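Written below as structure tokens is the structure these notes are about.
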Amino acid sequence: MKNKTKNAIIFAVELSVYAVLFMLFAVSHFFRISNKTANVIYIVFMLFSFGWLFSYEFFFKKYDNAVHYKMFGKHYVPTKNDKPKEKYKRQGIAGVLILWAAYLLVLALAKFTGLMTWRLFLMGACIMFMLNSIFVRKKCLLSVLFLHNKNDCCKNCGINCWDYSIFASALLFAPFMSIAAGVVNGVIITASVVMLVIWEYNFHKHPYRFYQETNKSLACKNCLKQCKYKD
């Protein structure tokens, strides 16, 4: 099976799963669901969703179009250009931070005005995970709008590992479900922040790992999208 086909299948599965879950959460407004059942649904959803997100980092690297793994030295294969040039510095970070802050502000308003329910929160989470699938497997709108990476490609992105923290930050405004759900939220947030710190440390310490021009492992031929390289 060609890589491009694999990418299309994974994209279709991810989008379909979250679209179906979104509809189920929407329809559930018409049914009475106990707090105990809602708590189980919430915990299972979070463990499944973030587990799937983190699994690419540690288990399915060849399917990780967002190339989170490029921050680690064992995935660095040097090219002739062993050091990135000035033009490879990140740009558009301010725009991403403003959008992130606006996203959290909307969640905060929904939480503190009493509009946020577990159903609404999970529906919003489904939308965010669908957007993530689109950004990673098709076109990254953050790059189009702010970052302007070469070819709008994750291979040339300097904030790949921010996605964990962006998604996890929403959990700060999740409706209270139970102590167990709170622990799950806390673990996810902590893990996401740790990954962000590791990413930023390596980006500033070893910037040559993060660009196609200096890391052969980021070559187009290794990507599932196959938009440039034909397998």
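Bear in mind the structure is a predicted one, so any value in this text is a computation, not a measurement. Positions are given from 1 along the sequence.
Under the 4.5 Å side-chain heavy-atom criterion for Ile, Leu, Val, Met, Phe, Trp and Tyr, V106 and I98 are members of distinct hydrophobic clusters. Hydrophobic cluster membership differs between M177 and V187, with clusters built from Ile, Leu, Val, Met, Phe, Trp and Tyr side chains linked at under 4.5 angstrom. Connection of V67 to L196 is not established within any shared hydrophobic cluster, with ILVMFWY side chains joined at heavy-atom distances below 4.5 Å, either directly or through further cluster members. Cluster membership for V44 and V183, using ILVMFWY side-chain heavy atoms within less than 4.5 angstrom, is not shared. Linking Ile, Leu, Val, Met, Phe, Trp and Tyr whenever their side-chain heavy atoms come within less than 4.5 Å puts W118 and F112 in one cluster.
Between S133 atom OG and I10 atom CD1 the span is 9.0 Å, to the nearest 0.5 Å. Atom CG in N132 sits 14.0 Å away from atom CD1 in I127 (nearest 0.5 Å). The line from CZ of F50 to CZ of F45 is 8.5 Å long, rounded to the nearest 0.5 Å. Taking CG of N202 as the start and NZ of K70 as the end, the distance is 12.0 Å to the nearest 0.5 Å. Atom CG of L142 and atom CD1 of I159 lie 6.0 Å apart (nearest 0.5 Å). Annotation: the span from M130 atom CE to S16 atom OG amounts to 10.0 Å, rounded to 0.5 Å.
Counted by atom type alone, R137 and N7 present one or more donor-acceptor pairs between their side chains at under 3.5 Å. Looking at Y76 and T214, their side chains never bring a donor and an acceptor atom within 3.5 Å of each other.
Of the possible donor and acceptor atoms, one in the side chain of S143 sits under 3.5 Å from a partner among the backbone N and O of N149. Within the 3.5 Å criterion, the main-chain N or O of A26 finds a donor-acceptor partner in the side chain of H29. Side-chain N or O atoms of Q91 include one that pairs as donor or acceptor with a backbone N or O of L147 at under 3.5 Å. Side chain of N222 to main chain of S217: a donor-acceptor pair is present (N/O by atom type, distance under 3.5 Å, no hydrogens or angles).
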Quiz prompt | Candidate pair D163 and H68, rule side-chain hydrogen bond (donor to acceptor under 3.5 Å, both in side chains), full reasoning | solution = CA-CA 10 Å; D163 55 1; H68 298 91; 2.7 Å; yes
Practice problem: Show your reasoning for whether ring pair (Phe, Tyr, Trp, His ring centres under 6.0 Å) applies to F167 and F129. | Solution: CA-CA 8 Å; F167 290 128; F129 283 114; 5.1 Å; yes
Practice problem: Start with the C-alpha distance between E14 and W52, add both sets of side-chain angles, then the distance that settles side chain to side chain contact (heavy atoms under 4.5 Å, CB included), and finish with yes or no. | Solution: CA-CA 10 Å; E14 290 176 340; W52 181 248; 2.9 Å; yes
Quiz item: Going through the checks in order, is the side chain to side chain contact (heavy atoms under 4.5 Å, CB included) test met by L15 and I134?
Solution: CA-CA 8 Å; L15 216 60; I134 293 171; 4.2 Å; yes
Practice problem: List the steps, then state whether side chain to side chain contact (heavy atoms under 4.5 Å, CB included) holds for C154 with N65. | Solution: CA-CA 7 Å; C154 292; N65 283 347; 5.6 Å; no
Exercise. Check the pair L122 / I41 against side chain to side chain contact (heavy atoms under 4.5 Å, CB included), numbers first and verdict last.
Key: CA-CA 10 Å; L122 293 184; I41 291 173; 4.2 Å; yes
Exercise. Decide yes or no on salt bridge (Lys or Arg N to Asp or Glu O under 4.0 Å) for K80 and E213, but give the supporting numbers first.
Key: CA-CA 8 Å; K80 293 181 180 179; E213 292 84 354; over 6 Å; no
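Here the shortest heavy-atom pairing between N160 and A66 reads ND2-O, 2.5 Å. Nearest approach of K111 to L172, heavy atoms of both residues: NZ-O, 4.4 Å. Across S169 and L104, no two heavy atoms sit closer than the pair OG-CD2, 3.4 Å. The two residues K138 and K225 have their closest heavy-atom pair at O-NZ, 3.6 Å. Here the closest heavy-atom approach between residue P175 and residue M116 is recorded as CD-CG, 3.9 Å. A pairwise comparison of heavy atoms in I189 and A168 identifies CG1-O, 3.6 Å as the closest pair.
Annotation: side chain of Y211 is not in contact with side chain of L218 (no heavy-atom distance under 4.5 Å). Looking at heavy atoms from C-beta onward, K155 lies out of side-chain contact with K150 at the 4.5 angstrom threshold. The shortest side-chain heavy-atom distance between L24 and S28 does not fall under the 4.5 Å cut-off. Proximity of D152 to C140: side-chain heavy atoms (C-beta onward) are nowhere separated by under 4.5 Å. No side-chain heavy atom of C157 sits less than 4.5 Å from a side-chain heavy atom of R90. With a 4.5 Å cut-off on side-chain heavy atoms, C161 and M71 count as touching. Contact check for Y42 versus N185: side-chain heavy atoms found under the 4.5 Å cut-off. Looking only at side-chain heavy atoms (C-beta outward), F25 and C126 come within less than 4.5 Å of each other.
Between H206 and Y208, a ring centre-to-centre spacing shorter than 6.0 Å is recorded. The ring of W199 has its center no closer than 6.0 angstrom to the ring center of F72.
Ring geometry for F60 against Y63 counts as tilted: the plane angle lies between 30° and 60°, on a 0 to 90° scale. Taking the six-membered ring where tryptophan is involved, the planes of Y164 and F54 are essentially parallel, since the angle between them stays under 30° and well short of 60°.
Shown here is F48, whose CZ atom has more than 12 heavy atoms of other residues, nucleotides or ligands within 6.0 Å. Summarising the local packing, CD1 of I179 is surrounded by 12 or fewer heavy atoms from other residues, nucleotides or ligands at distances under 6.0 Å.
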